[in-house]
Amino acid sequence: MDSYISCCWLVFYLLFFGSGSTVTIQGFVGDDVTLTCKYDARHYGTLSVCWGRGHIPNSGCDTELIRTEGIRVANRASVRYHLQGDLRAGDVSLTILQAQMKDSGLYGCRVDIPGWFNDQKHHLELVIKPAPETTPEPWIPRESTTVGYPEEQTTTMQTTMGLSVPPDPPTVAIREISARSISVWWSTGFDGNTPITGYHLECKSQSDSWVDGVRGSNILPWERETAINDLRPFYTYNIRMFTKNDMGLSKPSNELTITTKEAAPDGPPQDVKLEALSSHSIRVTFRAPELSLQNGLIRGYQLRYREYSPQERLPVRVVYLMDGSESFTMNNLQEATEYSVTLHTINSAGLGPSSQELVCSTLTNDDQHHMTTTQATTEVQTEHSTSTIATTTYSTETWLLVTDSPTQGQRVDNFSTTNPLSNFTTDPALSKKLGTEEQSGHLVAILVPVLVLGLLVVMAIIWQFRRTTLKTGSWKIIWKNNDFMSFGDSEPAL
């Protein structure tokens, strides 16, 4: 029974008072103090972490100082608290800037590991002592030069250890890049024997100089990271930083060249135009959005069209144009029907806004017939026969038809409409270029009158045969009320 109670008490202590030994860290007033806390990010991935004052409770952190969610700082109680380690590698050590006596005490670091009772808990005792008193360092001549005669030697230059100078430049690195912002962090160097009073961050477009087009911002001395916002997507910038103390600015830091990520386009395609080509097709032409609104590399376009109706929304057809072209022909449409069309630009980040909805109607068959009306006919004498030249104009091309008879035709491209006779040719190979559609039209136009004429001839022959046979008595038929009934022995009077 006693052993059972002891086990329960041990479990209770581990749950409510945590585990892990306490490490003591010492520092001085005014120093930057770091409390170490790390976990295996390769094994667990990036985890949530919190720092607090006092013992770590059963969940969370008491008097929470700072908390992360992955690599993002979700909460910070003071600008003096920073995580300057590599969060992606699991270094979540807490740095307290410009430590004060009141910062002494117990600190706890909690790493949230998935599962029951798996959290890592680290306790550290921080002891802050008063800054040691320092005495001015003596003047130590480093270099001297004498001028004048030996009896008038005079020292003209002396330098000393501990002289206040401008600080060393910081070292700047990237924390995070998005489409419209860049997060950077930095580490400091020698302060020039004078407290650092701040930092100055500069950002410019890669195409600009450091004299023109520079955005600058001043940062407090205890900050170690900041974000540059309101940037253009898919745009390249240069970033640098200076450290400041009472003696002035440091030299510029290392220069970063960064391109922001892509974002969905901010502008629609330009100059969208619709053109009815026939009773069943409409052509769409357009141009890419303005360069400043593309926000990335254009991958293609989304074309949406439907039958237009002001009263109801009819089904929409969607076509993706990913071949780099800036035109598309919609086919298999209904005759004399209105269609509405919109376009969207596509890049790797998504769809851009829609273009203005345009409406266009397909042609009627009568309209299409007018577009193919013969404009001129001229007879041309050749060596063996008389030919007829007919020019026919379509919406997109012009045709030249050369016929030696009403049933023959040839197609000629690239001819002069101002002087059709100059394009005439008797080359036999020309007949191979006749379009199938034009052949069918001419055959129909020829066969219809031939069939009608043949039918009339057959009817005339039958009628003549009937009159002849009735008169000769070769056939005997019965007529009743002028209607043919059956064969018989009598014939009607003609």
Contacts of Ser209 that satisfy side chain to side chain donor-acceptor pair (under 3.5 Å) - sequence neighbours left out | none

[X] [atom1] to [Y] [atom2] distance, which is reported to the nearest 0.5 Å:
| X | Y | atom1 | atom2 | result |
| --- | --- | --- | --- | --- |
| Leu343 | Leu321 | CG | CG | 7.0 Å |
| Thr243 | His200 | OG1 | NE2 | 11.5 Å |
| Asn295 | Lys261 | CG | NZ | 15.0 Å |
| Glu225 | Gln84 | CD | CD | 8.5 Å |
| Thr342 | Gln302 | OG1 | CD | 7.5 Å |
| His280 | Leu333 | NE2 | CG | 9.0 Å |

For residues 303-336, which residue pairs qualify under ring pair (Phe, Tyr, Trp, His ring centres under 6.0 Å), counting only residues two or more places apart or in two chains?
-> none

State plainly whether the residues Glu255 and Lys204 are in salt-bridge range, i.e. N to O under 4.0 Å.
-> no

Pair Arg283 + Glu275: basic N to acidic O under 4.0 Å | yes

Do [X] and [Y] make a side-chain contact, defined as non-hydrogen atoms from C-beta onward lying under 4.5 Å apart?
| X | Y | result |
| --- | --- | --- |
| Val111 | Cys37 | yes |
| Gln100 | Arg80 | yes |
| Ile56 | Gln120 | no |
| Met101 | Val29 | yes |
| Asn347 | Gln294 | no |
| Pro269 | Tyr301 | yes |
| Met247 | Pro166 | yes |
| Ser181 | Asn229 | yes |

CA sep, side-chain torsions, deciding dist, call: Cys50, Cys109, disulfide bond (SG atoms under 2.5 Å apart) = CA-CA 6 Å; Cys50 67; Cys109 170; over 6 Å; no

Name all pairs fulfilling the salt bridge (Lys or Arg N to Asp or Glu O under 4.0 Å) condition that reach into residues 44-71, sequence neighbours left out, sorted by first residue then second.
-> Glu64-Arg67, Arg67-Glu69, Glu69-Arg72

So which heavy atom on [X] is nearest to which on [Y], and how close?
| X | Y | value |
| --- | --- | --- |
| Tyr107 | Ile96 | OH-CD1, 3.8 Å |
| Ala263 | Ala179 | CB-CB, 3.9 Å |
| Pro114 | Leu47 | CD-CD2, 4.1 Å |
| Ile174 | Trp185 | O-NE1, 3.8 Å |
| Ala41 | Ala89 | CB-C, 3.5 Å |
| Ile219 | Glu223 | CG2-CB, 3.5 Å |

Verdict with reasoning, Arg240 to Val172, per side-chain contact (heavy atoms from CB on, under 4.5 Å) = CA-CA 7 Å; Arg240 69 180 184 181; Val172 187; over 6 Å; no

Contacts of type side chain to side chain contact (heavy atoms under 4.5 Å, CB included), residue Gln334, not counting sequence neighbours | Glu307, Thr337, Tyr339

Side chain to side chain contact (heavy atoms under 4.5 Å, CB included) partners of Glu290, counting only residues at least two apart = Gln270, Ser292, Leu293

When you look at Tyr237 and Thr260, which way does the side-chain hydrogen bond (donor to acceptor under 3.5 Å, both in side chains) test go after all the steps?
-> CA-CA 8 Å; Tyr237 293 91; Thr260 52; 5.8 Å; no

Given side-chain contact (heavy atoms from CB on, under 4.5 Å), test Leu87 with Thr46 step by step and report yes or no.
-> CA-CA 7 Å; Leu87 300 183; Thr46 55; over 6 Å; no

With a 3.5 Å distance limit and no angle check, can you tell me whether [X] reaches the backbone of [Y] through a side-chain donor-acceptor pair?
| X | Y | answer |
| --- | --- | --- |
| Arg88 | Ile71 | no |
| Asp31 | Val33 | no |
| Ser104 | Ile128 | yes |
| Arg110 | Asn58 | yes |
| Asn245 | Val165 | yes |
| Thr68 | Val49 | yes |
| Asn193 | Leu163 | yes |
| Thr197 | Asp246 | no |
| Trp51 | Val92 | yes |
| Asn331 | Ser281 | no |

Candidate list Leu83, Thr188, Val184, test side-chain contact (heavy atoms from CB on, under 4.5 Å), partner Arg224, passing option =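 Of all the options given, the one that passes is Thr188.
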
Can you name the one residue among Thr362, Ile282, Thr329 that meets side-chain contact (heavy atoms from CB on, under 4.5 Å) with Leu277?
->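 Output: one option passes, namely Thr329.
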
Exercise: do Ser164 and Thr194 side chains pair donor with acceptor under 3.5 Å =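 Yes.
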
Between Thr95 and Thr34: side-chain donor-acceptor atoms closer than 3.5 Å | yes

With salt bridge (charged side-chain N to carboxylate O under 4.0 Å, His left out) as the test, would you mind laying out the steps for Asp230 and Arg215 before giving the verdict?
-> CA-CA 11 Å; Asp230 300 326; Arg215 296 173 52 179; 5.2 Å; no

Who are the ring-ring contact (aromatic ring centres under 6.0 Å, His included) partners of Phe234, not counting sequence neighbours?
-> none

With a 6.0 Å cut-off on ring centres, are Tyr44 and Tyr39 close enough?
->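 No; Tyr39 has its ring centre 6.0 Å or more from that of Tyr44.
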
Is there a side-chain contact (heavy atoms from CB on, under 4.5 Å) between Met330 and Leu303 once you walk through the steps?
-> CA-CA 10 Å; Met330 304 182 301; Leu303 185 146; 4.1 Å; yes

Between Thr236 and Thr259, does a side-chain hydrogen bond (donor to acceptor under 3.5 Å, both in side chains) hold up when you go through it step by step?
-> CA-CA 4 Å; Thr236 303; Thr259 300; 2.8 Å; yes

Apply side-chain contact (heavy atoms from CB on, under 4.5 Å) to Gln356 and Val272, showing your working.
-> CA-CA 8 Å; Gln356 182 181 1; Val272 181; over 6 Å; no

